Amino acid sequence: MKIATWNVNSLKVRLPHVLDWLAASQADVLALQETKLTDDQFPVQAFQDAGYRAAFAGQKTYNGVALVTRSEPVDVIADIPGLGDPDRRILGATVGDVRVLDLYVVNGQEVGSDRYAYKLGWLARVTEHVARELAIHPRLVVLGDFNIAPEDRDVHDPEAWREQILCSTPERDALQRLLALGLADAFRLFEQPEKSFSWWDYRAAAFRRNLGLRIDLILASPALRDRCTACVIDKAPRKLERPSDHAPVLATFDL
DNA sequence: ATGGTGGCGCGGCCA
């Protein structure tokens, strides 16, 4: 079973890339972020024609998450008890016997800002929710755009980014509290090239110069970690015309 | 160079 995540930065613009990538990767589950589509605009038919079902929680202009799946997603949730967030950033579903939680973590804008406080509070509520999900579903994948680079090796220039947004200690601590529930960063279960990143700013030719961060993660519960056989970042779509600023990340499970 | 690019939607926000 192949499970992937991709922040597409507008599904309307990126739909051809997504369909091509599904055909090439043969992913069974693709978690999308920043679809920027209302639910009535979601391209259900295009995915159906490609052999996929979908669950989605969208809004106009910002945010929006979706799960594109080979088999029917069931027990879908788009919110967490007690969060009360109008942003569509969360989508949970059961696909086969795997529970999947797609997250578009708050960016946070700037350390110390209102949005930064919102990010840390949001992460704390999500962590509580993941603890509850883990108790119910041994096979749990939490994946998406975490907007946090876990360690300095996930940052092209750790000194320039020191205590900046996406890299600050409180953000990294919040991610560690999530991992401490028993989740494993699938990418780090395997040997990886140095300077592996999943996001590159559109500006300053950052992709060409590989000035990126690894902020798109696939986290696996213990039962799934034991069955994870590979995890890769696919930079190919980032090289296309009008790319997303993120690359897809794909994990393979022996299921 | 306190900039730069991209999406949405048509001015300014967000990333």
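Quick note: numbers below take in every heavy atom, side chains included, and nothing from hydrogens, waters or symmetry partners. Chain naming here is simple, since letters A, B, ... match the order of the sequence lines and numbering starts at 1 in each. A quick note: this is a predicted structure, and the numbers were derived from the prediction, not measured.
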Peer 1: Going by atom types alone, do D87(A) and Y104(A) pair a side-chain donor with an acceptor below 3.5 Å?
Peer 2: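 The answer is no; no qualifying pair exists.
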Peer 1: Scan for side-chain hydrogen bond (donor to acceptor under 3.5 Å, both in side chains) pairs involving residues 188-198 of chain A, sequence neighbours excluded, and state none if there are none.
Peer 2: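 Those involving residues 188-198 of chain A are D154(A)-R188(A), S198(A)-D216(A).
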Peer 1: Can you tell me whether the side chain of Y62(A) and the base of dC8(B) have a donor-acceptor pair closer than 3.5 Å?
Peer 2: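 In this structure, the two groups form no donor-acceptor pair.
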Peer 1: When the nearest nucleotide of DNA chain B is assigned to P243(A) and to N147(A) on a heavy-atom basis, which residue is associated with the more 5' position?
Peer 2: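 Mapping each residue to its closest nucleotide by heavy atoms, the 5'-most match is P243(A).
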Peer 1: Between dG9(B) and dT5(B), how far is it from one P atom to the other, in whole Å?
Peer 2: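 About 22 Å, rounded to a whole number of Å.
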Peer 1: Verify whether one side chain among R89(A) and Q59(A) offers a donor that lies under 3.5 Å from an acceptor in the other.
Peer 2: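 No pair is found: no donor N or O on one side chain lies under 3.5 Å from an acceptor on the other.
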Peer 1: Whole-Å distance between dA15(B) P and Q33(A) CD?
Peer 2: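 One finds 14 Å between P of dA15(B) and CD of Q33(A), rounded.
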Peer 1: Mind calculating the distance between CG (D145(A)) and C1' (dA15(B)) to the nearest angstrom?
Peer 2: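 Between C1' of dA15(B) and CG of D145(A): 10 Å.
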Peer 1: May I have the distance from R14(A) (atom CZ) to dA15(B) (atom P), rounded to whole angstrom?
Peer 2: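 For the pair R14(A) CZ and dA15(B) P, the rounded distance is 16 Å.
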Peer 1: Knowing that exactly one of N147(A), D102(A), N7(A), N63(A) qualifies, which makes a side chain to side chain donor-acceptor pair (under 3.5 Å) with Q33(A)?
Peer 2: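 The side chain to side chain donor-acceptor pair (under 3.5 Å) with Q33(A) is passed solely by D102(A) among N147(A), D102(A), N7(A), N63(A).
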Peer 1: dG9(B), dC14(B), dG7(B): which one has an atom nearest the side-chain heavy atoms of Q109(A)?
Peer 2: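 Selected nucleotide (nearest to the side chain): dC14(B).
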Peer 1: Taking 4.0 Å as the cut-off, does a side-chain nitrogen or oxygen of T61(A) come that near to OP1 or OP2 on dC14(B)?
Peer 2: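 So the side-chain polar atoms of T61(A) never come under 4.0 Å of the phosphate oxygens OP1 or OP2 of dC14(B).
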Peer 1: Taking only side-chain N and O atoms of K36(A), does any of them lie within less than 4.0 angstrom of OP1 or OP2 on dA15(B)?
Peer 2: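 No, because none of the side-chain N or O atoms of K36(A) sits under 4.0 Å from OP1 or OP2 of dA15(B).
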Peer 1: The side chain of K60(A) lies closest to which of these nucleotides: dG7(B), dA15(B), dG9(B)?
Peer 2: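 Output: dG9(B).
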Peer 1: Among residues 198-207 of chain A, which contact DNA chain B at a heavy-atom distance under 4.0 Å?
Peer 2: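 Y202(A), R203(A) - these, ordered by number, are the residues of the stretch whose heavy atoms sit under 4.0 Å from the strand.
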Peer 1: Need one value for R89(A): base, sugar-phosphate or nothing, where a base atom within 4.0 Å counts as base even if backbone is also close, heavy atoms only.
Peer 2: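 The answer is sugar-phosphate, as R89(A) gets under 4.0 Å only of primed atoms, P, OP1 or OP2.
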